[in-house]
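Here is the structure we will look at, set down as structure tokens.
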There are 4 protein chains.
Amino acid sequence: MTTLVREQAEELGQRGRGRPRDEVARKRILEAALELVEAQGFAATTTDAIAERAGASKATIYRWWPNKAAVLIEALREAVAQETPMPETGSLSEDIRIQLRNFVKLLTGRRGRIFKAFVAAAQNDPEVAETFRAVWIVPRRTIAKAALERHRGRDLREDADLDLLMDAIYGPLYFRLLAGHRPLTEKFTDALTEVVLEGIRKR
Amino acid sequence: MTTLVREQAEELGQRGRGRPRDEVARKRILEAALELVEAQGFAATTTDAIAERAGASKATIYRWWPNKAAVLIEALREAVAQETPMPETGSLSEDIRIQLRNFVKLLTGRRGRIFKAFVAAAQNDPEVAETFRAVWIVPRRTIAKAALERHRGRDLREDADLDLLMDAIYGPLYFRLLAGHRPLTEKFTDALTEVVLEGIRKR
Amino acid sequence: MTTLVREQAEELGQRGRGRPRDEVARKRILEAALELVEAQGFAATTTDAIAERAGASKATIYRWWPNKAAVLIEALREAVAQETPMPETGSLSEDIRIQLRNFVKLLTGRRGRIFKAFVAAAQNDPEVAETFRAVWIVPRRTIAKAALERHRGRDLREDADLDLLMDAIYGPLYFRLLAGHRPLTEKFTDALTEVVLEGIRKR
Amino acid sequence: MTTLVREQAEELGQRGRGRPRDEVARKRILEAALELVEAQGFAATTTDAIAERAGASKATIYRWWPNKAAVLIEALREAVAQETPMPETGSLSEDIRIQLRNFVKLLTGRRGRIFKAFVAAAQNDPEVAETFRAVWIVPRRTIAKAALERHRGRDLREDADLDLLMDAIYGPLYFRLLAGHRPLTEKFTDALTEVVLEGIRKR
DNA sequence: ATCTAATCGAGACGGTACGTCGAGTCTTCCC
DNA sequence: GGGAAGACTCGACGTACCGTCTCGATTAGAT
């Protein structure tokens, strides 16, 4: 991502000679992108539409991002940055329950569409897939695993496979979001938590 | 789907007077579509390519299907029709294990790409979404639930929520397939089975 | 033209064994063709439309005519068959005047569109061109020339070039019809007659 | 015509802010169109072929012209722009003879095909018809009539109808070009001139 | 009274051109 | 040198028409 290189350069105080990047335009582009994806999905969001809504030009977009996917990816990253971190109540089941409730609230809210869009786009574009994993999936897993790790040997079995646990609780949520065969309710989340915990709890 | 209307008409003996639809061409089109999706994904599969590979003309495709998505949907439906049904070994855990192994084999095999493609396409196209559910998700769930139902009160808790169970075991598999953060191995499947069963088993 | 062969065969009483050609359908097809050309021009007249309007099938059309142009050509031939022949008043100028007036009435009438259509089609299709000449241009010229021939040495100069004369009087009429820069009136026709006669008359 | 609006804007110095139209591409497109029409006629000239030969894209063509006909019309206009004007020898018959010889040379030359194509296309498309008249027929007539006007009262009768005269000399030429029943030779042209002049000359 | 061959209406088929739309690039002027 | 405007290439989309074909149903002369 060009942006990363540039950000690093700017942190080091090495500003180029010409006019610096218009940060306002950057924000407007990312916002426009996000809104359009929310409203219409990934494929129906055109770069022309983003440019127009942002009051920017396509050239500006393509100067800073290599393609449409990259814009939307960064938009996602920004949107996701300030997400509620893992709770720490002391109780394993309570931690998980709260975490999942927050997560479901996110998915079923205005932003849910974006995640659907990204999972979709990831199937056709390896780069999107990689970024989606790096920006969204992996960080959340890392934090969540670290939080659960503290319960190991207490509520959690000594030999519990946390990767498996992660998939066991997040997988069904994504599944309902994407397949849409059943609604993604809090009741479902709670019941799921119970089942999985029953299988992983220390006895 | 136009095809349905026509099939019904034929069942009623109302064959229509003109030249009948070329069933061979229909098959070739669906096969070509399937192969191309497997090879290149949903978006990269063009109608021109389908037509050429099927030895058909684009006009024929658009006479019978309203758009590219519809062709691929029907191709999926055909491909999926003859899938392995639910096993019945007498043991709950064995039933689930075998079922999941078969399923994983399907997803990781040649056809897996198709499912990824469809889940992706479904996010951008409500019709694809509905068809995907009706053709793939729901029928499999119905069969699997019926099979598990026989264990209720025996290995399975009296009050077990089968819809929840379905999502608990299929969700993580789809998740790994789609997110791709970890491989979809048999080891994972077996471990997952165990965890979920532990949570749902009658004690 | 297949029709010719067949007509000859029928005149000789050699009817085939199968179902004979449906003459009613033939008439309806030619009529439909004519009406459509009049209404919409040559290019906009589709074979499907002809078939539908005639209550015939495209197969029937293509069984009897090699292509769309041939249908329209024969339609023209039929329409033109019963045209007013050359008048014979005894006076050269009167003969020409009457002949041209009739001709202009034809061109500016409902059928005028057809001639425009054919001249147009002839530019893109040598076969149409040839047929148009053979069916329309040449016969009329032959009759008209024969009629004028009787005036040679009397009102008409001994050395008058009748081919030239033909073009000199018909050319401007077609020109106005096709180019449409000025209306094709009787006044124009009469004036034209006068000018040309002045140039060709015996003095 | 979009081009006209733009040209006016440029004349007013309102150059617009974006990338300007690629005039080279425009020229190449029109040239390609002309060459293809000359080689294959109006109908057989495809937009894809024009685009390929011009090294342009179809999108560019359709950005500036609403359809194929419009491209060819403008191509004709450009081609026709620098045609030989009316000669002025002082002699009426010489003026006409030279003018007609030049005209016949044009029609029977490489460009003749284009005129045939346009007269044809004009019959199916009113817009083509109007443009053909405005761009080709009318300007030539205006110039030619002005040139002949100078002879009025001298070689030319006081009451000569120049519109009639125009049609009387140009009509037969177009007629032979379009109907093709006889070749369009210089001999014919000269003889025609003589006949018409005989009818119009002052005596 | 069948049998046989050609015709008919209906309509699907392969091919080919059309005109449209989106992605990503490039070019101009302005700041 | 960045940015807005907007033209450009490429390539897929879905539509329309041509001329061909394949059905079942008709219609006569031949047997």
Side-chain angles (χ1 to χ4, degrees), chain A residues 15-22 24-26 43-49 51-52 54-69, chain B residues 15-26 43-49 51-52 54-68, chain C residues 15-22 24-25 43-49 51-52 54-69, chain D residues 15-23 25-26 43-49 51 55-68:
Chain A
R15 288 188 61 177
R17 293 204 309 169
R19 173 176 174 179
R21 176 172 188 177
D22 183 342
V24 176
R26 179 177 165 277
T45 297
T46 69
T47 48
D48 282 288
E52 190 184 345
S57 83
K58 270 207 294 182
T60 302
I61 294 179
Y62 281 102
R63 187 191 313 280
W64 298 109
W65 295 276
N67 50 45
K68 187 176 80 165
Chain B
R15 203 163 174 299
R17 297 207 296 169
R19 174 177 177 175
R21 177 174 188 176
D22 184 341
E23 286 300 325
V24 176
R26 178 178 165 278
T45 297
T46 69
T47 46
D48 280 289
E52 190 184 345
S57 85
K58 242 193 332 174
T60 300
I61 294 179
Y62 282 104
R63 186 191 314 282
W64 296 108
W65 294 277
N67 48 48
K68 191 176 72 167
Chain C
R15 288 188 59 174
R17 292 210 309 169
R19 174 177 177 175
R21 175 173 189 178
D22 184 342
V24 176
T45 297
T46 69
T47 48
D48 282 287
E52 191 184 344
S57 84
K58 270 205 297 180
T60 302
I61 294 178
Y62 281 102
R63 187 187 315 282
W64 299 108
W65 294 276
N67 49 45
K68 189 175 79 166
Chain D
R15 201 164 178 297
R17 296 207 296 169
R19 172 177 178 176
R21 178 172 188 176
D22 184 342
E23 287 300 326
R26 177 178 166 278
T45 297
T46 70
T47 47
D48 280 289
S57 85
K58 242 195 330 175
T60 300
I61 294 179
Y62 282 104
R63 186 192 312 283
W64 297 108
W65 296 277
N67 49 47
K68 191 176 72 168

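Remember, it's a predicted structure, so these values are computed and weren't measured experimentally. Each chain gets a letter, A, B and so on, in the order the sequences are listed, and its residues count up from 1.
D:Glu23 has its CD atom 16 Å from the P atom of E:dT27, to the nearest Å. Atom P of nucleotide F:dC13 and atom CH2 of B:Trp65 are separated by 15 Å, given to the nearest angstrom. To the nearest angstrom, C1' of E:dG11 lies 13 Å from CD1 of C:Ile61.
Scanning both residues, C:Ala51 and C:Ser57, for their nearest heavy atoms gives CB-C, 4.0 Å. Minimum interatomic distance between A:Asp22 and A:Val24 (heavy atoms only, all atoms of both residues): OD1-N, 2.9 Å.
Between the base of E:dC8 and the side chain of C:Arg19 there is no donor-acceptor pair shorter than 3.5 Å.
Side-chain N/O atoms of C:Arg63 include one lying less than 4.0 angstrom from OP1 or OP2 on E:dC8. Taking side-chain N and O atoms only, B:Trp64 has a distance below 4.0 Å to OP1 or OP2 of E:dC13. Between A:Ser57 and F:dA5 there is no side-chain N or O to OP1 or OP2 distance below 4.0 Å.
Residues that satisfy the salt bridge (Lys or Arg N to Asp or Glu O under 4.0 Å) test with D:Lys68, not counting sequence neighbours, are absent from this structure.
Atom NZ of D:Lys58 sits about 5.0 Å away from atom OG1 of D:Thr47, to the nearest 0.5 Å.
Annotation: the terminal axes of the helix from E:dA1-F:dT31 to E:dC31-F:dG1 meet at 10°, where each axis is the rotation carrying the C1' atoms of four end pairs onto the next four (5 pairs per end, rounded to 10°).
Sequence order on DNA chain E of the closest nucleotides to C:Asp22 and B:Gly55 puts C:Asp22 first from the 5' end.
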How would nucleotides 14-19 of chain F be written as a contact map, 5' to 3', with B for base contact, S for sugar-phosphate-only contact and - for no contact, using protein heavy atoms under 4.0 Å? BB-SSB
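Contact annotation: the side chain of A:Trp64 never approaches that of A:Arg26 to less than 4.5 Å [non-hydrogen atoms, C-beta and beyond].
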